[in-house]
Amino acid sequence: MIYLIRHGEAAAGWGDHPDPGLSEAGKKQATAAAVRLVELGASSIVTSPMARCRETASALELSASLTARVEARVSEVETPEGVPDRVAWLKGIMAGNWQDGGSELLAWRAKTLEAIREMPSGAAVFTHFVAINAIVSALDDDDRAVVFRPGHCSITILEGEGSELRVSERGGEGITRVL
């Protein structure tokens, strides 16, 4: 099993801060997710380098006496060079399909999926809305950029390993400020 966890609620609104930490609600969500991940048997932690993911992962680090490994390939989607408005660009991408996003977006999606396929069983991966959608849509062979709306600290469960990974359970959905 591999567990994909969307970070807790950020302290700043989407697009308002380049790398916000968690709000007070986000910290509580992280603690609840940590309890669930211990119950599920998470045995290692991988996190996006973004502050909100690192802070979400820290709750599991404390409760499971594990140390998180930072993995840039599970971070936020990269904005292509020359895009003046990230928010507008991302809203456009999320309204469409991966194939419509161009070669840079497809390369990002492929490297994110590659990182997940390299994870050991039991890994709890703290990541982002777009990255979770990139992974789930690829494993489900669905070209839509948004196949579901993972809520803050939702846990999506993958079974299998390597190229045999499949989505076992999608995390709970929630309202997001992404779209």
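By the neighbour-count criterion of 12 heavy atoms within 6.0 Å, atom CD of E164 is sparsely surrounded, having that number or fewer from other residues, nucleotides or ligands.
The two atoms that bring I45 and A57 nearest to each other are CG2-CB, 3.9 Å, heavy atoms only. Of all heavy-atom pairs between L22 and R52, the closest is CD2-O, 3.6 Å. Closest of all the heavy-atom pairs between W108 and A131 is CH2-CA, 3.6 Å. Contact record, L60 with A42: CD2-CB, 4.3 Å, taken as the closest heavy-atom pair.
Counting only heavy atoms from C-beta outward, the side chains of T127 and H7 never approach each other to under 4.5 Å. Within the 4.5 Å cutoff, the side chain of L90 has no heavy atoms near those of the F129 side chain. Counting only heavy atoms from C-beta outward, the side chains of E71 and S48 never approach each other to under 4.5 Å. Side-chain contact between I5 and Y3 is present, with at least one heavy-atom pair separated by less than 4.5 Å. Within the 4.5 Å cutoff, side-chain heavy atoms of N133 are placed close to those of P150. Side-chain atoms of S75 and H128, non-hydrogen and from C-beta on, do get closer than 4.5 Å to each other. Side-chain contact between R117 and L165: present, with at least one pair of heavy atoms (C-beta onward) separated by less than 4.5 Å.
A chain of hydrophobic side-chain contacts below 4.5 Å, direct or via other Ile, Leu, Val, Met, Phe, Trp or Tyr residues, connects V136 to I2. Residues V46 and L66 are members of separate hydrophobic clusters, defined by side-chain heavy-atom contacts under 4.5 angstrom among Ile, Leu, Val, Met, Phe, Trp and Tyr. Residues I132 and M94 do not share a hydrophobic cluster, clusters being chains of Ile/Leu/Val/Met/Phe/Trp/Tyr side chains in contact below 4.5 Å. By the criterion of side-chain heavy atoms lying less than 4.5 angstrom apart, applied directly or through intervening Ile, Leu, Val, Met, Phe, Trp or Tyr residues, L106 is grouped together with V77 in one hydrophobic cluster. If you chain together hydrophobic residues whose side chains sit under 4.5 Å apart, F126 and V70 never meet in one group.
Listed for the D143 side chain is no donor-acceptor partner under 3.5 Å among the backbone atoms of N97. Judged by distance alone, with hydrogens and angles left aside, the side-chain atoms of D140 form no donor-acceptor pair with the main-chain N or O of D142 at under 3.5 Å. A distance-only check finds a donor-acceptor pair linking the side chain of D85 to the backbone of A88 [under 3.5 Å]. Side chain of R54 to main chain of P49: a donor-acceptor pair is present (N/O by atom type, distance under 3.5 Å, no hydrogens or angles). Judged by distance alone, with hydrogens and angles left aside, the side-chain atoms of E169 form no donor-acceptor pair with the main-chain N or O of L158 at under 3.5 Å.
The line from CD of Q99 to CG of L105 is 9.5 Å long, rounded to the nearest 0.5 Å. In this structure, OG on S154 lies 13.0 Å from CZ on R149, to the nearest 0.5 angstrom. With rounding to the nearest 0.5 angstrom, the CD atom of E161 is 13.0 Å from the CD atom of E118. The line from CD1 of I135 to OG1 of T156 is 9.0 Å long, rounded to the nearest 0.5 Å. We find the SG-CD distance between C153 and Q29 to be 5.0 Å, quoted to the nearest 0.5 Å. The structure places CG of D141 at 15.5 Å from CZ of R166, a figure rounded to the nearest 0.5 Å.
Residues that satisfy the side chain to side chain contact (heavy atoms under 4.5 Å, CB included) test with E104, not counting sequence neighbours, are P80.
For residues 55-64, no residue pair satisfies the side chain to side chain donor-acceptor pair (under 3.5 Å) rule, not counting sequence neighbours.
Of the candidates V74, I157, V167, V125, V125 is the only one forming a side chain to side chain contact (heavy atoms under 4.5 Å, CB included) with L4.
The existence of a salt bridge linking E24 and K27 is confirmed by a sub-4.0 Å separation between a basic side-chain nitrogen and an acidic carboxylate oxygen. Salt bridge annotation for R36-E39: present, with a cationic side-chain nitrogen under 4.0 angstrom from a carboxylate oxygen. A salt bridge links E76 to R86: at least one charged side-chain nitrogen sits closer than 4.0 Å to a carboxylate oxygen. Under the 4.0 Å criterion applied to side-chain N and carboxylate O atoms, R109 and E78 are not assigned as salt-bridge partners.
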### Message
Does L113 form a side chain to side chain contact (heavy atoms under 4.5 Å, CB included) with L139? I'd like the steps, not just the answer.
### Response
CA-CA 9 Å; L113 183 59; L139 294 177; 3.9 Å; yes
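Taking the ring centre of F148 as origin, the terminal cationic atom of R170 falls inside the region bounded by 6.0 Å and 45° from the ring axis.
Side-chain N/O atoms of W98 and S137 include a donor and acceptor closer than 3.5 Å.
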